[in-house]
Amino acid sequence: MLTQKIGFIGTGRMGKALIEGILKKKLVPSQNLWVCDKIEGKLSFFTKYGIKTSLRIQPVVKNTEVIFIAVKPQDILQVLEDLKSGIRASQLIVSIAAGITTSYIIKKLGKKIPVIRIMPNIALLVEEGMAGISAGKGVNLEQKRLVRKILGAVGEVIDVPESQQDAVTGLSGSGPAYIYTVIQGLIQGGVKAGLSQEAASKLAIQTALGAAKLAKESKSSLEELREAVASPGGTTIEGLKVLEKKGLEDCLAEAVVRASQRARELRKEAN
Ligand SMILES: NC(=O)c1ccc[n+]([C@@H]2O[C@H](COP(=O)([O-])OP(=O)(O)OC[C@H]3O[C@@H](n4cnc5c(N)ncnc54)[C@H](OP(=O)(O)O)[C@@H]3O)[C@@H](O)[C@H]2O)c1
């Protein structure tokens with residue numbers, strides 16, 4: 001178990017998912033966790049675990065060594081304003097906010113505080129998350145290890161230069177939504193081809209899960225795996241021809257690029 005006192009500012013989808021992961025894995029004793037959100041109703045979920053809660057940021061800053069900022073990029077400036085007076089150089093900030101750089105955070109805090117930028121995804125709820133991690137200036141190895149340990153307990157982690165975090169955001173941060181869209185298309189097709197909605201959902205979801213697992217565990221390339229399903233003259237090859245004609249691969253690639261650009265726009269808007 002980790003001994004550090006850890007705070008969370010923002011307990012929406014990502015903040016709550018991370019805390020749930022920490023609790024599920026018993027990574028940090030609940031009495032060492034502090035959370036802050038703007039609405040009382042959101043905090044009651046945490047009090048039942050013995051987590052300390054507050055509507056104000058100050059108790060979190062005062063009592064913790066590591067502070068996760070899990071608010072929307074549009075709200076981060078206000079959070080940094082509120083952190084500014086109480087934050088200490090010995091504390092570590094971990095930001096989840098899309099597009100927001102470590103140097104922006106340091107500049108707005110007006111102090112040399114170690115900051116780590118992370119981009120996890122929502123699949124950490126089922127311990128299959130994917131996160132990119134970038135340490136800003138002044139972060140020590142121990143601090144980085146701590147954040148890796150927390151994210152590693154709920155999924156996979158890769159180190160990326162901070163300049164690539166927008167791309168991580170567009171791919172794995174937003175990616176679950178693209179995969180759900182692909183699954184939805186498969187379900188629609190299954191129903192059109194004669195299946196019940198229930199059967200089509202089960203078939204499509206398990207197919208996506210199985211295909212991803214095989215891609216992860218197999219030594220074969222994606223092309224080889226695809227070829228192994230699409231025998232000449234068979235059924236799959238006809239389906240693949242439709243995907244090629246309609247440009248599914250290009251569409252997905254474009255979605256990733258557009259989402260990465262949006263991360264950059266969010267950064268500009270935060271300024
Ligand atoms: N959702 C994802 O799949 C995902 C994936 C990767 C990264 N992210 C990043 O994670 C961050 C959070 O996203 P999210 O989807 O979890 O957003 P969210 O559900 O809106 O959660 C943010 C929470 O922070 C609260 N908040 C805002 N300002 C605050 C303040 N000054 N003090 C305390 N709490 C405050 C919000 O309250 P109100 O709602 O009342 O404003 C809300 O409960 C974003 O920066 C996003 O880029 C999200």
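Everything numeric in this text was worked out from a predicted model, so none of it was measured. Both ligands and their constituent atoms are indexed starting at 1 by order of listing. Because only heavy atoms are used, hydrogens play no part in the values below, and waters and symmetry mates are left out as well, while side chains stay in.
- Using a 4.0 Å cut-off to heavy atoms of Val79, the atoms of ligand 1 that qualify are 30 (C), 31 (N).
- Contacts of Pro176 with ligand 1, taken as heavy-atom pairs under 4.0 Å, are absent altogether.
- No side-chain heavy atom of Gln78 sits under 4.5 Å from any side-chain heavy atom of Asp75.
- Each of Gln165, Glu162, Arg117 was checked for a side-chain hydrogen bond (donor to acceptor under 3.5 Å, both in side chains) with Thr102, and the lone residue meeting it is Glu162.
- Of all non-hydrogen atoms in Glu142 and Gln4, the two that sit nearest each other are OE2-NE2, 4.3 Å.
- Within ligand 1, the atoms closer than 4.0 Å to a non-hydrogen atom of Met119 are 6 (C), 7 (C), numbered from 1 in the order shown.
- Applying the 4.0 Å criterion to heavy atoms of Gly10 picks out, from ligand 1, the atoms 23 (C), 24 (O), 25 (C), 34 (N).
- The closest protein non-hydrogen atom to atom 23 (C) of ligand 1 is Gly12 N, 3.6 Å.
- Side-chain atoms of Ile9 and Val71, non-hydrogen and from C-beta on, do get closer than 4.5 Å to each other.
- In terms of protein heavy atoms, atom 19 (O) of ligand 1 is closest to Arg13 N, 3.0 Å.
- Counting heavy atoms from C-beta outward, Lys26 and Met1 have side chains that approach closer than 4.5 Å.
- Protein heavy atom in closest approach to atom 14 (P) of ligand 1: Lys72 NZ, 3.7 Å.
- The nearest protein atom to atom 9 (C) of ligand 1, hydrogens excluded, is given as Ile96 O, 3.4 Å; this is a heavy-atom distance.
- Residue Lys24 qualifies as enclosed at atom NZ: its count of foreign heavy atoms under 6.0 Å is above 12.
- Interface atoms of ligand 1 facing Ile39, defined by a heavy-atom separation under 4.0 Å, are 40 (O).
- Remark: Arg264 does not engage Glu269 in a salt bridge, criterion side-chain N to carboxylate O under 4.0 Å.
- The option with the heavy atom closest to atom 41 (O) of ligand 1, from among Arg56, Lys38, Gln74, is Lys38.
- Scanning the protein for heavy atoms near atom 12 (C) of ligand 1, the closest one is Ala70 O, 3.5 Å.
- Distances from atom 25 (C) of ligand 1 to the heavy atoms of Val60, Val35, Leu18, Asp37 show the closest one on Asp37.
- Looking at atom 27 (C) of ligand 1, its nearest protein heavy atom turns out to be Asp75 OD2, 3.5 Å.
- Heavy-atom proximity to Pro120, at under 4.0 Å, picks out these atoms of ligand 1: 5 (C), 6 (C).
- Between Val71 and ligand 1, at least one pair of N/O atoms sits closer than 3.5 Å.
- Contacts with ligand 1 closer than 4.0 Å are made by heavy atoms of both the backbone and the side chain of Ala98.
- Using a cutoff of 4.0 Å between basic side-chain nitrogens and carboxylate oxygens, Glu224 and Lys219 are not scored as salt-bridged.
- Checking only distances, Asn121 never comes within under 3.5 Å of ligand 1, N or O to N or O.
- A distance of 7.5 Å separates CG in Asp159 from OG in Ser134, rounded to the nearest 0.5 Å.
- Looking at Val66 and Phe68, their side chains come closer than 4.5 Å, going by heavy atoms from C-beta outward.
- A side-chain donor-acceptor contact under 3.5 Å links Ser196 to the backbone of Ala199.
- Side-chain contact between Ile6 and Asn32 is absent, with no heavy-atom pair separated by less than 4.5 Å.
- Residue Met14 places at least one N or O, backbone or side chain, under 3.5 Å from an N or O of ligand 1.
- For ligand 1, none of its N or O atoms has an N or O atom of Gly173 under 3.5 Å away.
- In terms of protein heavy-atom proximity, atom 42 (C) of ligand 1 is nearest to Lys42 NZ, 3.4 Å.
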